[in-house]
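One-based numbering along the sequence shown. Both counts, for ligands and for their atoms, begin at 1 and track the order of listing.
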Amino acid sequence: MSSRKKLIAGNWKMNKTASDGAALVSELVATIGKQTDVEVVLCPPFTGLESAAKALDGSTLKLGAQNMHFEPSGAFTGEVSAPMLRALFTTHVILGHSERRSYFAETDALINKKVLAALKNQLRPILCVGESLAERESGATLKVVQTQTEAALEGVAKDQAASLVIAYEPVWAIGTGKVATTEQAQEVHAFIRGLLTKLFTEPVAQKIRILYGGSMKPANAPELLAQKDIDGGLIGGASLEARSFVELVKAAAAVV
Ligand code: PEP
(Lines give C-alpha, C1' and ligand atoms only; values in the text may rest on other atoms or scores of the structure.)
Protein backbone atom coordinates (compact mmCIF):
# COMPACT_ATOMS: atom_id res chain seq x y z
CA MET A 1 0.00 0.00 0.00
CA SER A 2 1.29 3.43 -0.87
CA SER A 3 1.73 6.26 1.63
CA ARG A 4 0.36 8.74 -0.90
CA LYS A 5 -3.12 9.98 -0.10
CA LYS A 6 -5.44 9.43 -3.05
CA LEU A 7 -6.56 12.59 -4.83
CA ILE A 8 -9.76 13.00 -6.84
CA ALA A 9 -9.99 16.22 -8.85
CA GLY A 10 -13.05 17.35 -10.78
CA ASN A 11 -12.41 19.30 -13.98
CA TRP A 12 -15.70 21.00 -14.79
CA LYS A 13 -14.28 22.50 -18.01
CA MET A 14 -16.57 25.21 -19.49
CA ASN A 15 -19.64 24.05 -17.59
CA LYS A 16 -21.84 25.55 -14.88
CA THR A 17 -22.65 29.16 -14.05
CA ALA A 18 -21.42 30.47 -10.73
CA SER A 19 -24.74 29.68 -9.04
CA ASP A 20 -25.06 26.20 -10.60
CA GLY A 21 -21.50 25.48 -9.47
CA ALA A 22 -22.19 26.67 -5.92
CA ALA A 23 -25.23 24.39 -5.78
CA LEU A 24 -23.12 21.39 -6.81
CA VAL A 25 -20.43 22.29 -4.25
CA SER A 26 -23.09 22.54 -1.52
CA GLU A 27 -24.34 19.05 -2.41
CA LEU A 28 -20.79 17.71 -2.28
CA VAL A 29 -20.06 19.43 1.03
CA ALA A 30 -23.18 17.82 2.51
CA THR A 31 -22.01 14.31 1.55
CA ILE A 32 -18.20 14.32 1.46
CA GLY A 33 -17.31 17.68 2.99
CA LYS A 34 -15.84 16.20 6.16
CA GLN A 35 -14.02 13.15 4.87
CA THR A 36 -10.25 13.15 5.12
CA ASP A 37 -9.26 9.79 3.60
CA VAL A 38 -9.10 11.26 0.10
CA GLU A 39 -8.00 14.72 -1.02
CA VAL A 40 -10.73 16.26 -3.16
CA VAL A 41 -10.15 19.22 -5.47
CA LEU A 42 -12.91 20.95 -7.43
CA CYS A 43 -11.93 22.94 -10.53
CA PRO A 44 -14.74 25.20 -11.74
CA PRO A 45 -14.31 27.77 -14.51
CA PHE A 46 -12.78 31.09 -13.35
CA THR A 47 -16.23 32.68 -13.00
CA GLY A 48 -17.26 29.99 -10.51
CA LEU A 49 -14.22 30.13 -8.22
CA GLU A 50 -15.49 32.73 -5.80
CA SER A 51 -18.94 31.20 -5.24
CA ALA A 52 -17.39 27.72 -5.02
CA ALA A 53 -14.87 28.99 -2.43
CA LYS A 54 -17.73 30.32 -0.29
CA ALA A 55 -19.75 27.11 -0.64
CA LEU A 56 -16.85 24.87 0.38
CA ASP A 57 -15.63 27.07 3.24
CA GLY A 58 -15.22 25.03 6.42
CA SER A 59 -15.14 21.70 4.54
CA THR A 60 -12.15 19.56 3.59
CA LEU A 61 -12.77 20.13 -0.13
CA LYS A 62 -10.18 22.17 -2.02
CA LEU A 63 -10.38 24.53 -4.96
CA GLY A 64 -8.47 24.41 -8.24
CA ALA A 65 -8.42 26.49 -11.41
CA GLN A 66 -8.25 25.07 -14.93
CA ASN A 67 -5.53 27.35 -16.29
CA MET A 68 -3.56 30.53 -15.52
CA HIS A 69 -1.13 32.99 -17.07
CA PHE A 70 2.51 32.81 -16.02
CA GLU A 71 2.90 36.55 -15.36
CA PRO A 72 1.62 37.92 -12.04
CA SER A 73 -0.12 40.92 -13.66
CA GLY A 74 0.01 43.15 -16.71
CA ALA A 75 -1.41 43.77 -20.18
CA PHE A 76 -2.68 40.25 -20.98
CA THR A 77 -6.31 40.79 -21.88
CA GLY A 78 -8.56 37.93 -20.90
CA GLU A 79 -5.99 36.20 -18.71
CA VAL A 80 -5.92 35.36 -14.98
CA SER A 81 -2.76 35.16 -12.84
CA ALA A 82 -1.57 32.98 -9.98
CA PRO A 83 -1.88 35.75 -7.32
CA MET A 84 -5.49 36.35 -8.48
CA LEU A 85 -6.24 32.65 -8.03
CA ARG A 86 -4.58 32.59 -4.62
CA ALA A 87 -6.72 35.54 -3.54
CA LEU A 88 -9.79 33.35 -4.19
CA PHE A 89 -8.41 30.56 -1.95
CA THR A 90 -7.41 28.40 -4.89
CA THR A 91 -4.78 25.82 -3.96
CA HIS A 92 -4.37 23.86 -7.23
CA VAL A 93 -4.26 24.67 -10.93
CA ILE A 94 -4.64 22.31 -13.90
CA LEU A 95 -1.89 23.04 -16.44
CA GLY A 96 -1.26 21.63 -19.90
CA HIS A 97 -4.62 19.94 -20.30
CA SER A 98 -4.83 18.38 -23.78
CA GLU A 99 -7.69 20.73 -24.66
CA ARG A 100 -5.42 23.70 -23.89
CA ARG A 101 -2.64 22.10 -25.93
CA SER A 102 -4.82 21.35 -28.95
CA TYR A 103 -7.41 24.19 -29.05
CA PHE A 104 -5.23 26.97 -27.65
CA ALA A 105 -1.85 25.90 -29.04
CA GLU A 106 -0.16 25.61 -25.65
CA THR A 107 3.39 24.36 -26.06
CA ASP A 108 5.60 22.52 -23.59
CA ALA A 109 7.68 25.70 -23.20
CA LEU A 110 4.62 27.76 -22.25
CA ILE A 111 3.37 25.08 -19.87
CA ASN A 112 6.80 25.05 -18.22
CA LYS A 113 6.55 28.80 -17.54
CA LYS A 114 3.13 28.26 -15.99
CA VAL A 115 4.34 25.38 -13.80
CA LEU A 116 7.21 27.51 -12.46
CA ALA A 117 4.89 30.48 -11.85
CA ALA A 118 2.34 28.30 -10.05
CA LEU A 119 4.98 26.85 -7.72
CA LYS A 120 6.43 30.32 -7.05
CA ASN A 121 2.95 31.36 -5.89
CA GLN A 122 2.33 28.28 -3.73
CA LEU A 123 -0.22 26.83 -6.15
CA ARG A 124 0.02 23.10 -6.75
CA PRO A 125 0.14 22.36 -10.49
CA ILE A 126 -1.88 19.41 -11.79
CA LEU A 127 0.26 18.89 -14.87
CA CYS A 128 -1.49 16.93 -17.65
CA VAL A 129 0.46 14.77 -20.07
CA GLY A 130 -0.67 12.12 -22.53
CA GLU A 131 -0.50 10.77 -26.04
CA SER A 132 -2.94 11.00 -28.95
CA LEU A 133 -4.42 7.90 -30.56
CA ALA A 134 -2.02 8.16 -33.51
CA GLU A 135 0.93 8.41 -31.12
CA ARG A 136 -0.21 5.34 -29.18
CA GLU A 137 -0.76 3.35 -32.36
CA SER A 138 2.70 4.23 -33.65
CA GLY A 139 4.32 3.09 -30.39
CA ALA A 140 5.33 6.61 -29.34
CA THR A 141 3.39 6.79 -26.05
CA LEU A 142 6.32 6.68 -23.64
CA LYS A 143 8.44 9.03 -25.75
CA VAL A 144 5.61 11.60 -25.90
CA VAL A 145 4.96 11.37 -22.17
CA GLN A 146 8.68 11.71 -21.45
CA THR A 147 9.07 14.79 -23.65
CA GLN A 148 5.99 16.50 -22.18
CA THR A 149 6.92 15.68 -18.58
CA GLU A 150 10.59 16.66 -18.79
CA ALA A 151 9.88 19.86 -20.71
CA ALA A 152 7.11 21.00 -18.35
CA LEU A 153 9.23 20.33 -15.26
CA GLU A 154 12.44 21.95 -16.44
CA GLY A 155 13.86 24.15 -13.68
CA VAL A 156 11.59 22.77 -10.93
CA ALA A 157 13.67 22.51 -7.76
CA LYS A 158 13.83 19.23 -5.87
CA ASP A 159 12.42 20.82 -2.72
CA GLN A 160 9.34 22.06 -4.62
CA ALA A 161 8.65 18.87 -6.50
CA ALA A 162 6.65 17.02 -3.85
CA SER A 163 3.80 19.48 -4.26
CA LEU A 164 3.43 18.61 -7.95
CA VAL A 165 0.56 16.47 -9.17
CA ILE A 166 0.86 14.79 -12.57
CA ALA A 167 -2.21 13.64 -14.50
CA TYR A 168 -1.69 10.99 -17.15
CA GLU A 169 -4.51 11.57 -19.59
CA PRO A 170 -4.39 9.60 -22.83
CA VAL A 171 -6.02 12.06 -25.25
CA TRP A 172 -7.99 9.28 -26.94
CA ALA A 173 -9.70 8.47 -23.64
CA ILE A 174 -10.82 11.99 -22.71
CA GLY A 175 -14.57 12.44 -23.02
CA THR A 176 -14.78 9.50 -25.42
CA GLY A 177 -15.99 6.76 -23.09
CA LYS A 178 -12.84 4.78 -24.04
CA VAL A 179 -10.77 4.08 -20.98
CA ALA A 180 -7.17 2.86 -20.90
CA THR A 181 -6.86 -0.67 -19.60
CA THR A 182 -5.43 -0.94 -16.10
CA GLU A 183 -2.25 -2.41 -17.62
CA GLN A 184 -1.89 0.44 -20.13
CA ALA A 185 -2.44 3.03 -17.41
CA GLN A 186 -0.17 1.40 -14.80
CA GLU A 187 2.62 1.00 -17.38
CA VAL A 188 2.64 4.75 -18.12
CA HIS A 189 2.23 5.73 -14.46
CA ALA A 190 5.23 3.58 -13.48
CA PHE A 191 7.19 5.11 -16.36
CA ILE A 192 6.33 8.63 -15.14
CA ARG A 193 7.38 7.65 -11.59
CA GLY A 194 10.71 6.55 -13.07
CA LEU A 195 11.13 9.91 -14.83
CA LEU A 196 10.34 11.73 -11.59
CA THR A 197 12.91 9.58 -9.78
CA LYS A 198 15.59 10.60 -12.29
CA LEU A 199 14.61 14.27 -12.01
CA PHE A 200 14.06 14.58 -8.27
CA THR A 201 15.36 11.39 -6.52
CA GLU A 202 13.42 8.34 -5.37
CA PRO A 203 12.07 9.68 -2.02
CA VAL A 204 10.64 12.77 -3.75
CA ALA A 205 9.16 10.77 -6.64
CA GLN A 206 7.44 8.51 -4.11
CA LYS A 207 5.61 11.54 -2.72
CA ILE A 208 4.26 12.87 -6.04
CA ARG A 209 0.68 11.89 -6.88
CA ILE A 210 0.10 10.63 -10.42
CA LEU A 211 -3.58 10.73 -11.40
CA TYR A 212 -5.27 8.90 -14.23
CA GLY A 213 -7.69 10.87 -16.41
CA GLY A 214 -9.85 9.77 -19.32
CA SER A 215 -13.43 8.55 -18.98
CA MET A 216 -12.95 7.50 -15.36
CA LYS A 217 -16.35 6.48 -13.99
CA PRO A 218 -17.60 4.73 -10.83
CA ALA A 219 -17.68 1.46 -12.79
CA ASN A 220 -14.05 1.44 -13.91
CA ALA A 221 -12.48 3.44 -11.06
CA PRO A 222 -11.92 0.69 -8.45
CA GLU A 223 -9.67 -1.35 -10.74
CA LEU A 224 -7.69 1.66 -11.93
CA LEU A 225 -7.31 3.10 -8.42
CA ALA A 226 -6.02 -0.21 -7.10
CA GLN A 227 -2.92 0.01 -9.30
CA LYS A 228 0.35 0.65 -7.50
CA ASP A 229 1.19 3.94 -9.23
CA ILE A 230 -2.33 5.31 -9.79
CA ASP A 231 -2.87 7.81 -7.00
CA GLY A 232 -6.26 9.15 -7.97
CA GLY A 233 -8.19 10.58 -10.87
CA LEU A 234 -8.74 13.74 -12.85
CA ILE A 235 -12.41 13.54 -13.68
CA GLY A 236 -14.22 15.43 -16.44
CA GLY A 237 -17.75 14.32 -17.29
CA ALA A 238 -18.39 12.37 -14.08
CA SER A 239 -17.49 15.40 -11.93
CA LEU A 240 -20.50 17.40 -13.14
CA GLU A 241 -23.00 15.49 -11.04
CA ALA A 242 -22.80 14.97 -7.29
CA ARG A 243 -23.80 11.31 -7.38
CA SER A 244 -21.09 10.07 -9.77
CA PHE A 245 -18.40 12.29 -8.26
CA VAL A 246 -19.21 11.15 -4.71
CA GLU A 247 -19.05 7.52 -5.88
CA LEU A 248 -15.59 8.16 -7.30
CA VAL A 249 -14.41 9.68 -4.03
CA LYS A 250 -15.81 6.66 -2.19
CA ALA A 251 -14.05 4.33 -4.62
CA ALA A 252 -10.77 6.09 -3.85
CA ALA A 253 -11.44 5.91 -0.09
CA ALA A 254 -12.08 2.17 -0.39
CA VAL A 255 -8.54 1.47 -1.66
CA VAL A 256 -6.80 3.65 0.93
C1 PEP B 1 -10.48 15.54 -18.47
O2 PEP B 1 -10.88 16.36 -19.28
O3 PEP B 1 -9.52 15.84 -17.75
C4 PEP B 1 -11.13 14.25 -18.41
C5 PEP B 1 -10.50 13.25 -17.85
O6 PEP B 1 -12.40 14.16 -18.98
P7 PEP B 1 -13.38 12.87 -18.97
O8 PEP B 1 -13.38 12.32 -17.57
O9 PEP B 1 -14.71 13.42 -19.37
O10 PEP B 1 -12.82 11.91 -19.95
> Under 3.5 Å between some N or O of ligand 1 and some N or O of G236?
Replying inline: yes

>> Only heavy atoms of G214, strictly under 4.0 Å: list the atoms of ligand 1 that pass.
In response: 5 (C), 10 (O)

> Can D37 and K6 be counted as an ion pair, charged N to O under 4.0 angstrom?
Replying inline: no

> Can you tell me which residue and heavy atom of the protein come closest to atom 1 (C) of ligand 1, and the distance to 0.1 Å?
Replying inline: H97 NE2, 3.2 Å

>> What's the separation between atom CD1 in I235 and atom CG in L248, rounded to the nearest 0.5 Å?
In response: 5.0 Å

>> Taking only non-hydrogen atoms of K217, do any sit less than 4.0 angstrom from ligand 1?
In response: no

> Which of parallel (below 30°), tilted (30 to 60°) and perpendicular (above 60°) describes F76 and F70?
Replying inline: tilted

>> If I take atom CD from residue E247 and atom NZ from residue K217, how far apart are they, to the nearest 0.5 angstrom?
In response: 12.5 Å

> Do the side chain of N121 and the main chain of A117 share a donor and acceptor less than 3.5 angstrom apart?
Replying inline: yes

> Applying a 4.0 Å heavy-atom criterion (strictly less than), which segment of N11 is in contact with ligand 1: side chain, backbone, both, or neither?
Replying inline: side chain

> In the protein, what heavy atom is nearest to atom 3 (O) of ligand 1, and what distance, to one decimal place, separates them?
Replying inline: E169 OE2, 2.7 Å

> Any salt bridge between E39 and K5, counting N to O under 4.0 Å?
Replying inline: no

>> Checking contacts here: is it the side chain or the backbone of A173 that comes within 4.0 Å of ligand 1, counting heavy atoms only? Could be both or neither.
In response: backbone

>> List ligand 1 atoms under 4.0 Å from L234, heavy atoms only on the residue side.
In response: 3 (O), 5 (C)

>> If I compare all heavy atoms of N220 with all of S215, which pair ends up nearest, and what's the gap?
In response: ND2-O, 3.0 Å

> What atoms in ligand 1 come closer than 4.0 Å to a heavy atom of G175?
Replying inline: 7 (P), 9 (O), 10 (O)

> Going by the order shown, which atoms of ligand 1 are within less than 4.0 Å of some heavy atom of G237?
Replying inline: 7 (P), 8 (O), 9 (O)

>> Show the atoms of ligand 1 that are less than 4.0 angstrom away from any heavy atom in K13.
In response: 1 (C), 2 (O), 6 (O)

>> As an exercise, state the distance from CG of L56 to CG of L28, rounded to the nearest 0.5 Å.
In response: 9.5 Å

